[in-house]
Amino acid sequence: MKELKDWITELKTEKPELNDFITKLEGFISDNGFNIAQFERAIDKGLQLKEEEVKKTFIKHVESKEDNN
């Protein structure tokens, strides 16, 4: 994994605008490789949070429309 870690370090230098994303991604990389299962769980959790956020916004919008009628 040294090659991958070296590439990530180089990428952070070449593309500083990606640093936040790369830093988060590094948490899924170990000496054994990329932890796909952990990454997929994190993605699922993030999507669930966004879905809940959208639902709350939708509900507030509907309630607001009902209050105006």
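Since the structure is predicted, the reported quantities are computational estimates derived from the model, not experimental observations.
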What's the spacing between K24 NZ and N19 CG if we round to 0.5 Å? 12.0 Å
Output yes when a side-chain donor or acceptor of S64 lies under 3.5 Å from a complementary backbone atom of K60, and no otherwise. no
Run the numbers on K12 and E26 for salt bridge (Lys or Arg N to Asp or Glu O under 4.0 Å), then give the verdict. CA-CA 11 Å; K12 284 175 127 178; E26 284 178 304; 3.0 Å; yes
Neighbour count >12 (heavy atoms, 6.0 Å) for atom CG, L49: yes
Decide yes or no on salt bridge (Lys or Arg N to Asp or Glu O under 4.0 Å) for K55 and E51, but give the supporting numbers first. CA-CA 6 Å; K55 284 179 182 178; E51 185 177 350; 3.4 Å; yes
CG of L18 to OG1 of T13: how many Å apart, nearest 0.5 Å? 11.5 Å
Within this structure, what is the CD-CD1 distance for the pair E17 and I22, rounded to the nearest 0.5 Å? 8.5 Å
Assess whether salt bridge (Lys or Arg N to Asp or Glu O under 4.0 Å) is satisfied between E53 and K50, documenting all intermediate values. CA-CA 5 Å; E53 183 181 317; K50 277 297 178 190; 3.6 Å; yes
I43 reachable from I36 in the ILVMFWY side-chain graph, under 4.5 Å edges: yes
Measuring from S30:OG to L4:CG, what's the distance to the nearest 0.5 Å? 10.0 Å
Nearest 0.5 Å please: distance from the CD atom of E40 over to the CG atom of L47. 11.5 Å
Can you establish whether the number of heavy atoms outside D20 located under 6.0 Å from its atom CG is more than 12? no
